[in-house]
Amino acid sequence: MVGGAALLPSALTREPSAAEHTGHAPAAGSAAGGGRPAAGLGVLFSQRLPIPQQLTPMRRGDGVDVYKIPIKAAQHAFLPGKPAPVRSFGGQFVGPTIRARTGTPVEVTFTNQLDVPSNVHLHGGHNAQADDGYPMDLLDPGQSRTYHYPNRQQGATLWYHDHAHHLEAENVYRGLHGFYILDDEAERGLNLPSEQYDVPIMLRDIQLDANGAMVYPNFPPDRTTILTNGVVNPYFQVAARKYRFRLLNTSNERQFRLTLGGVQMTQIASDGGLLPAPVPRSEILLGSAERVDIVVDFSQVPLGSHLVLKDISGPVLRFDVTRLAPDSSRVPATLRPLPAPGTATVQREITMRFDETTFVGLVNEQVYDPNRVDIKVKRGATEIWTVRNTDTVFGAPHSFHLHLEQFRVLDRNGGPPGPDDVGRKDTVFLGPGEWVRLQTTFTDYVGRYVYHCHFLDHSTLGMMAQMEIVP
């Protein structure tokens with residue numbers, strides 16, 4: 001068992017609280033549902049929300065955008081005046097944002113300047129096996145690798161992160177994560193909020209010590225501090241107009257339950273891009289690795305208002321409505337139709353759980369083995385997978401992620417999909433005993449790809465399997 005007990009989910013190491021049963025942990029220094037920070041963690045909303053740097057390509061030639069990003073040790077202040085060591089893409093705890101365009105390929109050369117192996121997975125990307133960040137394709141210290149992303153998919157909020165097997169949980173926890181935003185012409189034509197009014201927001205949890213440094217290894221229930229774009233409880237000054245917020249959960253092992261003080265959030269996209277139509281939401285559940293794009297219209301509240309985005313465990317981010325601004329953006333009634341799902345010719349059963357004796361992670365009762373192909377998939381096939389969380393003994397939640405293709409959630413627990421299952425998905429949250437049916441088509445690439453629990457503490461312990469797409 002790699003990583004020892006420090007990587008075990010809370011349900012395997014101690015009696016879980018009611019909050020932990022749903023994938024939540026209390027806010028720093030508070031009981032579940034509170035919001036007062038622990039001593040030494042600073043004052044609520046004392047820091048401005050940092051926006052991740054958007055990279056400019058080093059070169060735009062031959063129709064390809066070219067980037068170079070070092071993977072290196074850095075210092076980052078989670079709390080004001082308390083820099084702490086992290087692992088980073090480009091020296092930033094929230095890695096630099098790559099803003100790509102549908103139909104324009106991107107090449108990114110990553111150079112590993114750490115003293116541990118790494119690699120890079122473009123989460124939600126449709127890429128050849130060689131560029132997928134296959135867990136065993138390690139980028140050893142001192143090595144460089146160029147990943148090729150053709151961007152032949154619709155606009156979506158994607159992200160890139162480490163996926164080096166047995167190291168992915170620690171590497172991502174320590175900071176190897178960043179946004180990859182894919183734009184397309186059809187989406188631009190909708191006149192949604194854009195430019196400075198299109199804001200990426202990365203949410204995750206962490207355990208900090210008294211000096212403001214991250215604690216690792218640790219137990220997931222002790223990750224009681226919430227980071228928003230890498231800092232604790234920031235504020236963000238907004239104009240009285242519409243904004244698009246791209247919400248991303250990069251926690252190793254957490255689900256957020258987000259509200260905005262009764263103010264309506266309009267969901268326009270999920271993991272794989274725009275929904276068919278906007279959906280008004282008063283609450284959003286965001287599992288590990290999931291993305292939700294929302295539009296908030298701050299012109300609907302008085303100038304000078306303070307709106308707090310909250311999780312069940314406490315405040316996450318405060319919006320301060322400070323000024324007026326012109327607004328020609330809109331949220332049209334129709335966004336992007338979903339194509340008919342096609343006719344499935346193959347049905348599969350996938351289960352995820354922990355072994356009660358060894359605590360290794362299992363998919364279909366087997367621990368991950370890179371030398372074993374668990375299923376073979378015919379290229380072009382449309383399949384339905386029933387994915388079950390069978391961890392009823394420990395009561396551990398899981399989050400299922402499929403590499404290569406987006407899927408549609410057909411139903412949940414035998415009923416209709418939930419409001420958080422809509423649109424094109426690549427990751428779906430499953431509480432203990434829950435199950436979903438997913439449908440996808442394996443369109444063009446061949447090779448070996450993984451599917452796994454995206455609670456990375458769980459995949460590190462073996463909760464991962466391998467498919468081979470064959471001609």
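Along the sequence shown, residues carry numbers from 1.
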Are [X] and [Y] close enough that some pair of their side-chain heavy atoms sits under 4.5 Å apart?
X	Y	result
Asn151	Gln153	no
Asn233	Val316	no
Val346	Ile384	no
Phe245	Met265	no
Phe78	Pro83	no
Gln47	Tyr235	no
Val232	Leu208	yes
Leu309	Pro315	no

| message | Applying side-chain hydrogen bond (donor to acceptor under 3.5 Å, both in side chains) to Glu168 and Ser459, what does each step give before you reach the verdict? | response | CA-CA 8 Å; Glu168 68 267 39; Ser459 64; 2.9 Å; yes
| field | salt bridge (Lys or Arg N to Asp or Glu O under 4.0 Å): pairs with one or both residues in residues 431-443, sequence neighbours excluded | value |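 Listed once each, the pairs are Asp411-Arg437, Arg412-Glu434.
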| task | Among Thr443, Val377, Thr441, find the residue that satisfies the side chain to side chain contact (heavy atoms under 4.5 Å, CB included) test when tested with Glu405. | result |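 Only one option passes, and that is Thr443.
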Closest heavy-atom pair and its distance - [X], [Y]:
X	Y	answer
Ser288	Ser399	O-OG, 3.3 Å
Leu192	Val331	CD2-CA, 4.2 Å
Pro150	His148	CD-O, 3.6 Å

| said: Can you confirm whether Arg323 is buried at CZ, in the sense that more than 12 heavy atoms of other residues, nucleotides or ligands lie under 6.0 Å from that atom? | reply: yes
| said: For Gln196, I'd like to know if atom CD has over 12 heavy atoms of other residues, nucleotides or ligands within 6.0 Å. | reply: yes
Checking [Y] against [X]: is there a side-chain donor and acceptor pair closer than 3.5 Å?
X	Y	answer
Asn119	Tyr147	no
His403	His452	yes
Gln406	Asp426	yes
Ser118	Asn112	no
Thr157	Arg246	yes
Gln53	Gln92	yes
Thr111	Gln113	no
Asn249	Arg254	no
His306	Asp320	yes

| Applying the salt bridge (Lys or Arg N to Asp or Glu O under 4.0 Å) test to Asp420, which of Lys425, Arg291, Arg281 qualifies? | Arg281
| field | Positive for salt bridge (Lys or Arg N to Asp or Glu O under 4.0 Å) with Arg99, one of Asp198, Asp65, Asp184 | value |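 When salt bridge (Lys or Arg N to Asp or Glu O under 4.0 Å) is applied between Arg99 and each of Asp198, Asp65, Asp184, only Asp198 qualifies.
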When rounded to the nearest 0.5 angstrom, what distance separates [atom1] in [X] from [atom2] in [Y]?
X	Y	atom1	atom2	answer
Asp132	Asp137	CG	CG	9.0 Å
Leu227	Asn229	CG	CG	9.5 Å
Ile268	Leu335	CD1	CG	6.5 Å
Leu402	His454	CG	NE2	11.5 Å
Phe110	Arg145	CZ	CZ	11.5 Å
Ser328	Lys242	OG	NZ	8.5 Å

| field | Asp162 bridged to Arg87 by N-O distance under 4.0 Å | value |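 Looking at Asp162 and Arg87, the cut-off is not met.
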| task | Decide, yes or no, whether a salt bridge links Asp293 with Arg244 under the criterion of side-chain N to carboxylate O below 4.0 Å. | result |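 Yes.
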| field | Contacts of Arg448 that satisfy salt bridge (Lys or Arg N to Asp or Glu O under 4.0 Å) - sequence neighbours left out | value | Glu468
| said: List the residues meeting ring-ring contact (aromatic ring centres under 6.0 Å, His included) with Trp385, not counting sequence neighbours, and say none if there are none. | reply: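 For Trp385, the residues satisfying ring-ring contact (aromatic ring centres under 6.0 Å, His included) (neighbours in sequence not counted) are Tyr451.
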Plane angle bin for [Y] and [X] - parallel if under 30°, tilted between 30 and 60°, otherwise perpendicular:
X	Y	value
Phe93	His177	perpendicular
His123	His161	tilted
His126	Tyr445	tilted
Phe455	Phe429	tilted
His121	His163	perpendicular
Phe298	Phe319	tilted

| message | A cation-pi test, strictly: NZ or CZ of Arg241 under 6.0 Å from the centre of the six-membered ring of Tyr197 and no more than 45 degrees from its axis. Yes or no? | response | yes
| query | Should the pair Arg223 and Tyr216 be classed as cation-pi, given the thresholds of under 6.0 Å to the six-membered ring centre and 45° from the axis? | reply |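 No, a cation-pi geometry is absent between Arg223 and Tyr216.
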Counting N and O atoms only, with roles assigned by atom type, does the side chain of [X] sit under 3.5 Å from a partner on the main chain of [Y], one being a donor and the other an acceptor?
X	Y	answer
Thr460	Leu456	yes
Tyr134	Tyr449	no
Asn252	Asp457	no
Asn413	Gly415	no
Thr427	Glu290	no
Ser88	Ala73	no
Gln347	Glu383	no

| request: Check step by step if side chain to side chain contact (heavy atoms under 4.5 Å, CB included) holds for Thr250 and Leu203. | output: CA-CA 6 Å; Thr250 64; Leu203 303 176; over 6 Å; no
| message | Go through it in stages, so that I can follow the logic: the residues are Thr266 and Gln264, the test is side-chain hydrogen bond (donor to acceptor under 3.5 Å, both in side chains), and I'd like the CA-CA distance, side-chain angles, deciding distance and then a yes or no. | response | CA-CA 6 Å; Thr266 300; Gln264 178 178 295; 3.2 Å; yes
